Number of protein chains: 2
Amino acid sequence: MKRIKIAAPVKRNSTRRDKIHQVLTEKRSFLSSQEIHKVLIRQGISIGIATVYRQLESLVQQGRADTIISPKGERLYSNCSQAETHHHHIICRICGAAEELDIPEVEKLSKIFAQHHKYTDVSHSLELFGVCFSCASIQSSSIKSKRKPKLS
Amino acid sequence: MKRIKIAAPVKRNSTRRDKIHQVLTEKRSFLSSQEIHKVLIRQGISIGIATVYRQLESLVQQGRADTIISPKGERLYSNCSQAETHHHHIICRICGAAEELDIPEVEKLSKIFAQHHKYTDVSHSLELFGVCFSCASIQSSSIKSKRKPKLS
DNA sequence: TTACTTGCAAACGGTTTGCATCGAG
DNA sequence: CTCGATGCAAACCGTTTGCAAGTAA
């Protein structure tokens, strides 16, 4: 039962990874792997879905992308502009647009509750979901049934 | 394009639903549908996985169960003792044990950030994940590799 | 009897993996 | 040349659905 140490593979440059990252930075919203794949295909870039999954994982590990799990259980990715610090998001249910939030109070609250319940090694997940201003405008001036929310 | 109104079906009593609810109240933790199914089978109760999914959904709608999505994207359920009010949980990563938390500050913060970013119709998800006291005790006194976390 | 509940198996949708091939260094 | 990156298809895994049979009221 010996521990075998496996060196992390050296990442080479990858055109695909750059393309994926580009999609994330252009669209300022949380996108699923599948959506990113569709965007790239539409742009005429030949890429397999497996590569999208693999490179998104790689971007997250490099701190170049954020990932959350949607209320539906789908994994969503977005460009990360604050690689260093833990932060949260407010995400539009209709269009997926996301903005980064700094909510330092949550870190404090998390620690207080952890102590109180004798929990250690505590992390937390917090995301806000709502309807952004522009989607709210469109919604109020058009037939509602035509606008399907991306996220439940 | 007429809206057809479908009356919600009248729920009859269901032995299965009660059994599922019983598992949730006995185990004070968040369990997946699959885990609940296994528990019932182990108890000698014949039940199909589809019924477990359907009745869990029904329990959630009745406010008798809470549901969250784990960091892995799996849907988890637990007994809900505060049907009326929105609340959060602190959940043990190792054993799944969960305790209900009242964090009224989060509701306020949520509203403030929503206003600031001009978002409407805002909801939020917040769960704390950590290692509970008893799991931490066991962990420090045994071989770590033997204890696999339920939740990542 | 009516119509909700159940179990089974098949279908689904997102994600991961095995493998042969490509290509960066 | 080496070994990571890629595409494809198959495998996986949790979840949902269609349907026929069971059962509460």
Side-chain angles (χ1 to χ4, degrees), chain A residues 5-23 30-41 43-62 64-65 67-77 96 148-152, chain B residues 5-23 30-41 43-62 64-65 67-78 96 148 150-152:
Chain A
K5 207 168 195 176
I6 299 164
V10 175
K11 294 266 179 238
R12 292 179 177 165
N13 281 343
S14 151
T15 325
R16 304 301 139 96
R17 184 162 59 240
D18 296 341
K19 292 287 180 194
I20 290 169
H21 190 238
Q22 201 183 320
V23 172
F30 273 92
L31 300 168
S32 68
S33 307
Q34 312 267 354
E35 286 171 324
I36 293 165
H37 184 237
K38 275 182 212 150
V39 169
L40 291 169
I41 294 294
Q43 289 180 2
I45 293 156
S46 149
I47 186 172
I49 188 70
T51 304
V52 176
Y53 278 101
R54 285 189 277 232
Q55 292 303 349
L56 279 170
E57 174 59 26
S58 160
L59 285 170
V60 169
Q61 283 182 358
Q62 292 175 17
R64 298 209 281 152
T67 178
I68 62 162
I69 303 223
S70 81
K72 281 176 192 152
E74 222 181 350
R75 186 143 240 131
L76 305 178
Y77 300 84
K148 293 175 197 164
K150 271 190 61 172
L151 311 168
S152 67
Chain B
K5 207 169 195 175
I6 299 164
V10 175
K11 293 269 179 234
R12 292 178 177 167
N13 281 341
S14 150
T15 325
R16 303 301 138 95
R17 185 162 59 240
D18 296 341
K19 292 289 181 192
I20 291 170
H21 190 239
Q22 201 183 320
V23 172
F30 273 93
L31 300 169
S32 68
S33 308
Q34 312 267 354
E35 287 171 322
I36 293 164
H37 183 236
K38 274 182 213 152
V39 169
L40 291 169
I41 294 294
Q43 290 180 2
I45 294 156
S46 148
I47 186 171
I49 189 71
T51 302
V52 176
Y53 278 101
R54 285 190 276 234
Q55 292 304 349
L56 280 170
E57 175 59 26
S58 161
L59 286 169
V60 170
Q61 283 181 358
Q62 292 176 16
R64 299 210 279 151
T67 176
I68 62 163
I69 303 220
S70 81
K72 280 176 194 155
E74 222 181 352
R75 186 143 239 131
L76 305 179
Y77 300 85
S78 83
K148 294 175 196 165
K150 271 190 60 171
L151 312 168
S152 68

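Quick note on labels: first sequence line is chain A, next is B, and so on, each numbered from 1. Being a predicted model, the structure only gives us computed values, none of them experimental.
Within the nucleic acid shown, B:I47 comes within 4.0 Å of sugar-phosphate atoms alone, with no base atom in reach, counting heavy atoms only. Residue B:S32 is out of contact with every strand shown, counting any heavy-atom pair closer than 4.0 Å. Residue B:Q55 is classed as a sugar-phosphate contact, given heavy-atom separations below 4.0 Å to backbone atoms only.
The distance between atom NZ of B:K72 and atom P of C:dT16, rounded to the nearest whole Å, is 12 Å. Straight-line distance from the CG atom of A:L56 to the P atom of C:dT16: 10 Å, rounded to whole Å. Between the P atom of C:dT15 and the CD atom of B:E74 lies a distance of 14 Å, rounded to the nearest Å. Rounding to whole angstrom units, OH of residue B:Y53 and P of C:dA10 are separated by 18 Å. Rounded to whole Å, atom P of C:dT6 lies 13 Å from atom NZ of B:K19. In this structure, the CD atom of A:E35 is 10 Å from the P atom of C:dT15, given to the nearest Å. Here the P atom of nucleotide C:dA10 and the CD1 atom of B:I49 are 17 Å apart, to the nearest Å. One atom, CZ of B:R75, and another, C1' of C:dG14, lie 15 Å apart when rounded to the nearest Å.
The nearest pair of heavy atoms linking B:S32 to B:E74 is CB-OE2, 3.5 Å. Nearest approach of B:H37 to B:I47, heavy atoms of both residues: NE2-O, 2.9 Å. Here the closest heavy-atom approach between residue A:Q34 and residue A:Y53 is recorded as NE2-OH, 3.1 Å. Contact between A:K72 and B:I69 at its shortest, heavy atoms only, is C-CD1, 3.9 Å. The nearest pair of heavy atoms linking B:S58 to B:K11 is OG-CE, 3.5 Å.
When DNA chain D is scanned in the 5' to 3' direction for atoms under 4.0 Å from non-hydrogen atoms of chain A, the outermost contacting nucleotides are D:dT2 to D:dC8.
Under the 3.5 Å distance criterion, the side-chain polar atoms of B:R17 are left unmatched by any main-chain donor or acceptor of B:T51.
Judged by distance alone, the side chains of A:R75 and A:S33 never bring a donor and an acceptor atom under 3.5 Å apart.
In the set C:dG7, C:dT15, C:dC19, the nucleotide with an atom closest to the side chain of B:R54 is C:dG7.
Position along DNA chain C of the nearest nucleotide to B:S46 versus B:V10 favours B:V10 as the more 5'-ward residue.
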